*Asks:* 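Here it is, the structure in full.
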2 protein chains.
Amino acid sequence: MNRTILIADDETRMRILVADFLEQAGYNTIEAKNGEEALSLYGKHPDIDLLILDVMMPLMNGWEVCHAIRDYSKVPIIMLTAKNTETDELTGFQKGADEYITKPFSPMILVARVNALIKRTYMDKQVYSKGLLLVDYNRISVTVDHVPVELSQTEYRLLTFFIENEQQVISREQLLNHIWGMDYFGTDRTVDTHINRLRMKLLAAGTYIQTVRGHGYKYEVK
Amino acid sequence: MNRTILIADDETRMRILVADFLEQAGYNTIEAKNGEEALSLYGKHPDIDLLILDVMMPLMNGWEVCHAIRDYSKVPIIMLTAKNTETDELTGFQKGADEYITKPFSPMILVARVNALIKRTYMDKQVYSKGLLLVDYNRISVTVDHVPVELSQTEYRLLTFFIENEQQVISREQLLNHIWGMDYFGTDRTVDTHINRLRMKLLAAGTYIQTVRGHGYKYEVK
DNA sequence: GCCTATTATCACAGTTATGTCACAACTATC
DNA sequence: GATAGTTGTGACATAACTGTGATAATAGGC
């Protein structure tokens, strides 16, 4: 799938240069010649995957555009800043961008940064999030209410199995089969203990794993 | 950010002259009065951004210093050579420098060349910095909390591979494949040992490499 | 409210994964 | 070919995880 990138710069030559390189790298591009146009275009094309904003632009400068978009979107933004020393100290307002590239820059660098940022943003999004719970399958990490939680392998597999079967009642036997293996002969107590440990570690989200008396357990976010 | 330049020349007058001009141009300078001192100073100050080496120096001549530094660093080097015709043909040994300036030269020329070289080198500067850790891909150097850290090749490759895959869990098998090669059959203990050595050398930043029990390791700056 | 079946909790010992160390083999350099 | 640095490996230590039975707590039926 080709990603689409909005390039906002008032210098036509620069815009075309950047657009050319990005298109050669396989991206679709949309150009804006001032801040207002950039904002308006992004509003009309919510499928834009990344924005490159020059700081110095008429009507609205890059920071203002960045700020306005950040109010409602987490789309990745790269700022093109002047090379002077002021860029070192970012004021409170001058935040919210994902990358900063100082002019002058080589087009190769720009493309490399864009590639990296796109990858970071879109490729690695295997994340489950519901209620207080967040599971990142790439990092094999779990957080509850933004607090990292360390799970053992069995606990992690239990949790992900529950998530895959949200709202379904799962018997201890099913769990023994899926988590421990078909040929494993564990006791119900084994399951109980691991469920217990998992609930403990999940803190407030522990209540998501409910006991269904006589049948097993059920994962449900209330 | 001000760049730092090391000037190595045995003639005090020349050293001061060059240093003055460079400082007026906004650089920090460090002076060495012979080759050995130059090499030692560069070792102690891995933040030096460019070296100017006179060829004719006591203890170690400029080429020897250049050669020694090139073994482990890609830092830009300007050689000051005598004006005789021999300099036209560079022998195999007389390589590795980025610029050659023949004496006598005008200070203006020197500053211009320095500016150009600095720009050329660091415009595409590839530096990774996060938390206590700083990796300079150009120099192939690593510092932790501003303290230079010496890594072996395997350790360096491990670290950079982790950085490229920040926050991702990487299995021992993946590491063996990427760092040691597809057809390599190492044991898990090999990986563990190198991870261990890397963590040790990274001092406080060693905790950035986390063990994910049952899966491998993960690089993450907390 | 009592009884019983079911589930929760706990401590402990067995198991497994990882950390650490020493050493010999290897490499590059002089 | 001597030297210092690097590397891979196995042995062992350490830490983390796991399963189990004993016991406590609980829910639901009566």
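Any value given below was found using the heavy atoms of this structure, including those in side chains, with hydrogens, waters and symmetry copies removed. Note that this is a predicted model, so its numbers are computed, not measured. Numbered from 1 within each chain, the chains take letters A, B, ... in sequence-line order.
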*Asks:* Which comes earlier along DNA chain C counting from the 5' end, the contact point of A/Q153 or that of A/G216, where each point is its nearest nucleotide?
*Replies:*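 That would be A/G216.
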
*Asks:* When we call it a touch if two heavy atoms are under 4.0 Å apart, what does A/T193 touch: a base, just sugar-phosphate, or nothing?
*Replies:*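 Answer is base: heavy atoms of A/T193 come under 4.0 Å of a base.
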
*Asks:* Could you tell me how far apart A/N196 (CG) and D/dC17 (P) are, to the nearest whole angstrom?
*Replies:*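 Between P of D/dC17 and CG of A/N196: 15 Å.
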
*Asks:* Starting the side chain at C-beta, find the nucleotide from D/dT6, C/dT20, C/dC10 nearest to A/M200.
*Replies:*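 Of the candidates, C/dC10 comes closest.
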
*Asks:* Whole angstrom is fine here: how far is it from CD1 in A/I195 over to P in D/dT18?
*Replies:*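 Those two atoms, CD1 and P, are 13 Å apart.
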
*Asks:* Hey, is the side chain of B/W180 poking within less than 4.0 Å of OP1 or OP2 on D/dT7, counting only N and O atoms?
*Replies:*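 Result: no.
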
*Asks:* Verify, without hydrogens or angle tests, whether B/Y208 (side chain) and B/L132 (backbone) share a donor-acceptor contact under 3.5 angstrom.
*Replies:*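 At least one qualifying donor-acceptor pair exists.
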
*Asks:* Could you say whether A/E155 or A/R213 is positioned toward the 5' end of DNA chain D, judged by the nucleotide with the nearest heavy atom to each?
*Replies:*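 Its nucleotide being nearer the 5' end, the pick is A/E155.
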
*Asks:* Return the value, rounded to whole Å, for the distance between atom CD of B/E150 and atom C1' of D/dG5.
*Replies:*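 So the CD-C1' distance, B/E150 to D/dG5, works out to 11 Å.
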
*Asks:* Base of D/dG19, side chain of A/R197 - is there a donor-acceptor contact under 3.5 Å?
*Replies:*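 Indeed there is one.
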
*Asks:* Would you kindly say whether B/T211 and B/R199 are connected by a side-chain donor-acceptor distance under 3.5 Å?
*Replies:*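 Yes, because at least one side-chain N or O of B/T211 sits under 3.5 Å from a partner of the opposite role on B/R199.
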
*Asks:* If the cut-off is 4.0 Å, is B/Y217 near the phosphate of C/dG19, judged by side-chain N/O to OP1 or OP2?
*Replies:*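 Yes, B/Y217 has a side-chain N/O under 4.0 Å of OP1/OP2 on C/dG19.
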
*Asks:* So for B/R189 and C/dG19, does any side-chain atom that can act as donor or acceptor lie under 3.5 Å from a complementary atom in the base?
*Replies:*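 A donor-acceptor contact between them is present.
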
*Asks:* Atom CZ of B/R172 to atom C1' of C/dG19: distance rounded to whole Å?
*Replies:*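 Taking atom C1' of C/dG19 as the reference, CZ of B/R172 is at 10 Å.
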
*Asks:* State whether the number of non-hydrogen atoms from other residues, nucleotides or ligands found under 6.0 Å of A/E23 atom CD is greater than 12.
*Replies:*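 For A/E23, atom CD is crowded (more than 12 foreign heavy atoms under 6.0 Å).
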
*Asks:* Would you kindly give the OH-to-P distance between B/Y156 and D/dT6, to the nearest whole Å?
*Replies:*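 Whole-Å distance recorded here is 15 Å.
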
*Asks:* Roughly, in whole Å, what's the span from CG in B/D192 to C1' in D/dA13?
*Replies:*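 So the CG-C1' distance, B/D192 to D/dA13, works out to 14 Å.
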
*Asks:* List the steps, then state whether salt bridge (Lys or Arg N to Asp or Glu O under 4.0 Å) holds for B/E166 with B/K218.
*Replies:* CA-CA 7 Å; B/E166 197 166 338; B/K218 176 173 69 168; over 6 Å; no

*Asks:* Take atom CG of A/D188 and atom P of D/dG21, then tell me their distance rounded to the nearest Å.
*Replies:*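 Checked: the CG to P distance equals 12 Å.
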
*Asks:* Any idea which of D/dT9, C/dT20, D/dC17 is nearest the A/S152 side chain?
*Replies:*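 Taking heavy atoms from C-beta onward, the closest nucleotide is D/dC17.
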
*Asks:* Tell me: NE2 of A/H215 to C1' of C/dA5, nearest whole Å?
*Replies:*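 Rounded to the whole Å, the gap is 14 Å.
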
*Asks:* Should A/T211 be listed as having a side-chain N or O under 4.0 Å from OP1 or OP2 of C/dT7?
*Replies:*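 Checking A/T211 against C/dT7: no side-chain N or O falls below 4.0 Å of OP1 or OP2.
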
*Asks:* Would you call A/R197-A/E155 a salt bridge at under 4.0 Å N-O?
*Replies:*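 Answer for the salt bridge query: no.
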
*Asks:* If you look at every strand shown and take non-hydrogen atoms under 4.0 Å, does A/T190 touch a base, only sugar-phosphate, or nothing?
*Replies:*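 The residue A/T190 makes base contact.
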
*Asks:* Determine whether any donor atom in the side chain of A/R199 lies under 3.5 Å from an acceptor atom in the base of C/dA8, or the reverse, and answer yes or no.
*Replies:*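 Side chain to base: no pair below 3.5 Å.
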
